[in-house]
Amino acid sequence: MDDLDHAIVRELRHDARLTMAELGRSVGLSRTAALARVRRLERDGIIRGYHADVALPDDPAAHVARVGIETDTGDTARYVRRLSAMPAFREAEAVAGAYDLLVRFEAPTAADLDATLDEIKRWPATTRTTTFVVLRRYD
């Protein structure tokens with residue numbers, strides 16, 4: 001890859017919907033020359049595809065997190081019942097190790113997820129939380 005190829009990839013990373021004419025103008029090539037380079041980059045596996053990164057506001061799984069929770073309660077079942085009343089709650093597991101519970105939450109927005117975590121942290125029985133935001137799930 002030369003400097004023009006890097007420039008093309010950089011422009012497409014920024015906006016994959018550019019027309020070949022727009023892409024060519026931004027890197028100093030004609031439409032035809034930009035198209036030929038893009039096709040070569042696709043053929044060589046440098047550009048593997050184009051996609052829309054979508055997070056619908058009403059999609060309950062748009063933001064997923066696993067939260068390790070350390071508690072100071074003698075009634076874990078009651079604590080979990082309180083968690084399960086939260087809209088973002090999906091499941092809880094009692095675990096061995098640094099945490100008492102491993103909880104899965106799903107929320108339509110990052111702000112909703114953050115509000116859920118803030119609420120849990122305010123509970124007197126919550127000693128510590130660690131949040132693991134899910135970036136990708138492999139099935």
Side-chain angles (χ1 to χ4, degrees):
M1 281 186 46
D2 62 16
D3 290 342
L4 278 173
D5 290 338
H6 283 285
I8 288 169
V9 169
R10 187 173 44 253
E11 290 296 320
L12 289 174
R13 278 185 170 165
H14 177 72
D15 183 0
R17 296 181 56 167
L18 288 171
T19 66
M20 287 301 126
E22 292 168 330
L23 178 62
R25 276 193 298 278
S26 68
V27 298
L29 294 173
S30 69
R31 184 195 79 69
T32 305
L35 178 60
R37 281 184 176 257
V38 167
R39 284 188 176 154
R40 182 179 46 77
L41 290 167
E42 290 170 344
R43 187 178 56 250
D44 292 348
I46 304 297
I47 297 174
R48 295 181 298 199
Y50 305 87
H51 72 280
D53 186 4
V54 177
L56 299 173
D58 57 350
D59 181 0
H63 295 274
V64 178
R66 297 255 183 204
V67 181
I69 303 176
E70 183 181 311
T71 65
D72 182 21
T73 180
D75 191 351
T76 302
R78 181 173 181 251
Y79 188 94
V80 171
R81 280 193 303 276
R82 190 172 178 191
L83 285 172
S84 68
M86 304 177 89
F89 175 86
R90 293 298 174 267
E91 66 181 0
E93 300 167 306
V95 294
Y99 301 101
D100 299 303
L101 296 167
L102 185 59
V103 183
R104 180 180 173 91
F105 292 104
E106 296 178 359
T109 67
D112 290 332
L113 182 58
D114 190 41
T116 299
L117 299 173
D118 285 345
E119 181 179 341
I120 293 167
K121 290 175 191 174
R122 287 191 298 269
W123 296 356
T126 302
T127 306
R128 177 173 64 118
T129 66
T130 300
T131 302
F132 304 90
V133 175
V134 176
L135 301 176
R136 177 178 292 169
R137 182 174 177 178
Y138 297 96
D139 291 321

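The structure displayed is predicted, hence computed values, not measured ones. Position 1 is the first residue of the sequence, and the numbers go up from there.
- For Thr116, the side chain to side chain donor-acceptor pair (under 3.5 Å) test picks out no residue, with sequence neighbours left out.
- Grouping the Ile, Leu, Val, Met, Phe, Trp and Tyr side chains by contacts below 4.5 angstrom, directly or via other members, places Val38 with Leu4.
- Not counting sequence neighbours, the partners of Tyr79 by the ring-ring contact (aromatic ring centres under 6.0 Å, His included) test are Trp123.
- Shortest non-hydrogen contact noted between Pro108 and Asp112 is CG-OD2, 3.2 Å.
- Ala77 meets the side chain to side chain contact (heavy atoms under 4.5 Å, CB included) test with Asp75, Arg81; sequence neighbours excluded.
- In the hydrophobic clustering of this structure, Phe132 does not group with Val134; members are Ile, Leu, Val, Met, Phe, Trp, Tyr whose side-chain heavy atoms approach within less than 4.5 Å, directly or through other members.
- Not counting sequence neighbours, the partners of Thr131 by the side chain to side chain contact (heavy atoms under 4.5 Å, CB included) test are Ala65, Val67, Leu117, Val133.
- From Thr73, atom OG1 reaches atom CG of Asp100 across 9.5 Å, with rounding to the nearest 0.5 Å.
- Taken to the nearest 0.5 Å, the CD1 atom of Ile120 stands 7.5 Å off from the OG1 atom of Thr129.
- Looking at Val64 and Arg90, their side chains never come closer than 4.5 Å, going by heavy atoms from C-beta outward.
- Under the side chain to side chain donor-acceptor pair (under 3.5 Å) criterion, Ser84 pairs with no residue, sequence neighbours left out.
- Every side chain to side chain contact (heavy atoms under 4.5 Å, CB included) that Ala33 has, sequence neighbours left out, goes to Leu29, Ser30.
- Listed by first and then second residue, the salt bridge (charged side-chain N to carboxylate O under 4.0 Å, His left out) pairs involving residues 28-38 are Asp2-Arg37, Asp5-Arg37 (not counting sequence neighbours).
- In this structure, the separation between OG1 on Thr127 and CG on Asp72 is 5.0 Å, given to the nearest 0.5 Å.
- The distance from the OH atom of Tyr99 to the OG1 atom of Thr130 is 2.5 Å, given to the nearest 0.5 Å.
- Within the structure, no pair that satisfies the salt bridge (charged side-chain N to carboxylate O under 4.0 Å, His left out) test touches residues 6-27, not counting sequence neighbours.
- Remark: Glu70 pairs with Arg128 by the salt bridge (Lys or Arg N to Asp or Glu O under 4.0 Å) rule, at least two apart or across chains.
- Remark: Arg82 engages no residue in a salt bridge (Lys or Arg N to Asp or Glu O under 4.0 Å) (not counting sequence neighbours).
- Nearest heavy-atom pair, Phe89 versus Leu83, reported as atom, atom and distance to 0.1 Å: CB-O, 3.2 Å.
- Within 6.0 Å of atom CG in Asp118, more than 12 heavy atoms from other residues, nucleotides or ligands are found, so the atom counts as buried in its surroundings.
- Within 6.0 Å of the CG atom in Asp114, the count of heavy atoms belonging to other residues, nucleotides or ligands exceeds 12.
- Across every non-hydrogen atom of Ala88 and Ala107, the tightest pair is CB-CB, 4.4 Å.
- In terms of the side chain to side chain donor-acceptor pair (under 3.5 Å) criterion, residue partners of Glu91 (sequence neighbours excluded) are, by chain and number, Arg66.
- Annotation for Arg78: atom CZ does not count as buried by contact number, only 12 or fewer foreign heavy atoms lying within 6.0 Å.
- Note: His6 NE2 to Leu41 CG = 9.5 Å, rounded to the nearest 0.5 Å.
- A pairwise comparison of heavy atoms in Lys121 and Thr126 identifies CA-CG2, 4.3 Å as the closest pair.
- Evaluation of the side chain to side chain contact (heavy atoms under 4.5 Å, CB included) rule for Val80 yields Thr76, Ala92, Leu101 as partners, not counting sequence neighbours.
- For the atom pair Glu93 CD and Leu102 CG, the distance stands at 5.5 Å (nearest 0.5 Å).
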